[in-house]
Amino acid sequence: MGWFRDARFGMFIHWGLYAIPGGVWNGASVPGAGEWILDGGKIDPAAYTPLQGQFNPVEFDAEEWVRIAKAAGQRYIVITSKHHDGFCLWDSRVTTFDVMGTPFKRDILRELATACEEGGIRLCFYHSIMDWTHPDYLPRRAWDPRDPEDADFDRYVGDMKSQLRELISGGYGRVGILWFDGEWEKTWTHELGLDLAKFVRGIDPSIIINNRVDKGRSGMAGLDADGEWAGDYGTPEQEVPSMGIPGTDWETCMTMNDTWGWKTSDTNWKSSEVLVRDLCDIASKGGNFLLNVGPQPDGNIPPASVERLRAIGEWMEVNGDSIYGTSASPFRRLPFGRCTQKALPGGATRLYFHIFDWPVANASGGRTLVVPGLESPVTAARLLGATAFACEATRTDDGWSISLPETAPDAVASVLEVDIEGVPDIEQPATMPSANGALTLGAADALLTGHVRFEDRCENLGFWVSADGVARWFVRLAVGGRYRVIARMAAAPGEGGSHFTVASAPSPASQPSVNGIVPECKAWCDFVEVDIGEIELLAGESEIIVRPHTIAGSALMNLAWIRLTPTDSAASTPPPGSK
Ligand code: FHN
């Protein structure tokens, strides 16, 4: 996985016959992503496959695509060799439903392989297991008039393996990743996934295989941590796991607008600022960013995509060291931005702070970045993009503060490089009791995993749509004891009745958790405060964890805060293992 972890940033390319209709069929706009038009438009495959006779991307230039990717700082390309429609972008001997059967008659993947080889970019293939047009794939689409009795799924798997062999050892260079997809239908099984991964390894053991070769993807989260699934890394899609996926390689794939394949009507482009911060966010959690382009039927990457990639590349030109070959932040969270880290020779560590919010002027008019909780000695600090400015590092009670110039070198994300002795020694931030001993755990301070997120609208945790959504806070207590738990929460009419638990870890002997029931309110932001019982906390640092028990409606609840107030019976409970 070495090159994958070094690369951190890749280009996803969704290209095929679906670019021709671009989301419109028989004059009508078809809902959904551009590459799903056969399904979204319930098109008879026999009416779709003749698109092959129109595919003639005369402006396709593999070297230009590689130039665009390199200029953006992308170090690998994952292109759809075959998407769900079954059309093959290379000269396949297994089928005539390929690019050689089009007016274009050029092996696109071979030209791209040559350009990648010359450009020093890793070429990888996205390959769909699901195939809507292959005569032997099952299940058929519901509207497909072909008789499923004529299909032989084993024969389909044999064809797919033959095509993978063509791609792996057919002269398309050293394939970096086989990026499987379309694994979710019932005909594809865990056994078939294991077998396919073994088949690929048998041809080239160095190929990286994603988790979608098997059945280990849990929704868009991309990874099912349990179970023995085949695949080298997780593939969250259109989202960034809030806490990363510790101990696992993973890659977030994301569109720049809303569609993977070209769709003329989709102009909902993310800004380059958002995309640069996504890149920093993903790297700070230890992941890769696979950012998609959907080329037009003429063979050009959409200008709106090129424009954003150029802006990202300009940022990477100055700050790429803070992304390439880095690993996840040692900080649970930072108030001003993100952090990545890199080991230095001799056991030291280089921290890269991505500063999204430039510090305001301090009392003396200067600017200082306070790095909370950093205990390690700082040996050097410099600002990428403004190295002439001499950053001064000063030890403070809460960590280190580092002087900065008045103006940020980059309005989107300025990078401060800080060298420290040894591995990072961090006193992680934790909620401390207020004067009356109460602990207030606000939505904005929660560390989130799974399907739950912070909503500015009412400063709450919301979109808590799945049992994998977990909110946690760290608290630090001088003495332990029992606490009354009050939750300020809301659920719209008809959405009440969900159950959740509030637990502490490490769990004291008695009362380690309490259960709550979500009341029905007038609206999702019509909060009420409910006493849900008592919990015991130990002295020292504890985690308070809130997770769904049963979600009765469309979502668990909206949660504004949890407050823990010492009860009369609060007694000093020594921390575990203390005398
Ligand atoms: O159905 C595909 C979709 O078209 C696209 O290829 C994405 C990219 O990861 N994968 C599937 C949806 O999860």
Side-chain angles (χ1 to χ4, degrees), residues 4 9-23 25 30-43 45 48 51 74 76-89 124-134 137 139 141 160 176-188 193 208-224 229 231-241 245 249-263 266 268 270 278 282 287-295 305 451 466:
F4 180 83
F9 187 32
M11 176 186 272
F12 214 168
I13 302 177
H14 278 71
W15 200 37
L17 299 184
Y18 40 77
I20 297 168
W25 195 260
V30 176
E35 72 287 358
W36 270 73
I37 190 167
L38 184 152
D39 184 272
K42 295 194 175 4
I43 300 167
Y48 178 90
L51 284 172
Q74 292 167 315
Y76 61 106
I77 287 175
V78 180
I79 185 168
T80 51
S81 49
K82 183 190 77 134
H83 203 264
H84 308 332
D85 63 357
F87 177 70
C88 300
L89 271 187
C124 312
F125 296 129
Y126 163 113
H127 202 77
S128 177
I129 293 165
M130 176 167 70
D131 190 315
W132 295 329
T133 58
H134 192 291
Y137 180 80
R141 299 312 92 191
M160 179 164 62
I177 299 169
L178 268 177
W179 211 101
F180 288 99
D181 200 14
E183 81 289 357
W184 51 82
E185 296 199 307
K186 288 198 171 26
T187 44
W188 193 252
I208 294 173
I209 303 171
N210 76 347
N211 67 320
R212 302 187 190 187
V213 67
D214 193 353
K215 306 292 274 190
R217 174 163 61 139
S218 60
M220 287 304 169
L223 194 86
D224 182 313
W229 308 105
D232 300 311
Y233 71 94
T235 52
E237 181 170 316
Q238 303 287 31
E239 62 177 3
V240 181
I245 309 177
D249 289 290
W250 58 276
E251 169 198 72
T252 278
C253 56
M254 203 178 274
T255 52
M256 284 194 209
N257 46 10
D258 295 322
T259 180
W260 301 92
W262 170 249
K263 188 170 184 183
D266 186 342
N268 184 29
K270 297 175 182 77
D278 281 344
I282 291 165
N288 281 27
F289 190 18
L290 187 63
L291 182 57
N292 184 73
V293 297
S305 300
H451 288 84
S466 160

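Counting starts at 1 for both ligands and their atoms, in listed order. Just so we're clear, the structure is a prediction, and the values are computed from it rather than from any experiment.
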Taking the six-membered ring for Trp, is the centroid-to-centroid distance between W132 and Y48 below 6.0 Å? no

Within the 6.0 Å centroid threshold, strictly below: H84 and W184: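 Yes, the ring of H84 comes within the 6.0 Å limit of the ring of W184, centre to centre.
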
Identity of the nearest option to atom 10 (N) of ligand 1, non-hydrogen atoms only, from D181, T259, T80, V78: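 Going through D181, T259, T80, V78 one by one, D181 has the nearest heavy atom to atom 10 (N) of ligand 1.
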
Subset of ligand 1 atoms that lie under 4.0 Å from at least one heavy atom of [X]:
| X | answer |
| --- | --- |
| R217 | 13 (O) |
| R212 | 9 (O), 10 (N), 13 (O) |
| C253 | 9 (O) |

Taking side chain as C-beta onward, heavy atoms only, is [X] less than 4.5 Å from [Y]?
| X | Y | value |
| --- | --- | --- |
| M254 | V240 | yes |
| H83 | W260 | no |
| N211 | W229 | no |

Polar-atom distance check: [X] versus ligand 1, any N or O pair below 3.5 Å?
| X | answer |
| --- | --- |
| W36 | yes |
| W260 | no |
| H14 | yes |

What distance separates F9 CZ from L290 CG, expressed to the nearest 0.5 Å? 9.0 Å

Which is it for [X] and ligand 1 at heavy atoms under 4.0 Å: side chain, backbone, both or neither?
| X | answer |
| --- | --- |
| Y18 | neither |
| E183 | neither |
| Q238 | neither |

Of E237, E183, H127, the residue whose pairing with R212 passes side-chain hydrogen bond (donor to acceptor under 3.5 Å, both in side chains):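 The single option meeting the side-chain hydrogen bond (donor to acceptor under 3.5 Å, both in side chains) with R212 is E237.
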
Within less than 4.0 angstrom of ligand 1, does H83 place any heavy atom?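 So H83 counts as touching ligand 1.
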
side-chain contact (heavy atoms from CB on, under 4.5 Å) evaluation trace for E251 with W179: CA-CA 11 Å; E251 169 198 72; W179 211 101; 2.8 Å; yes

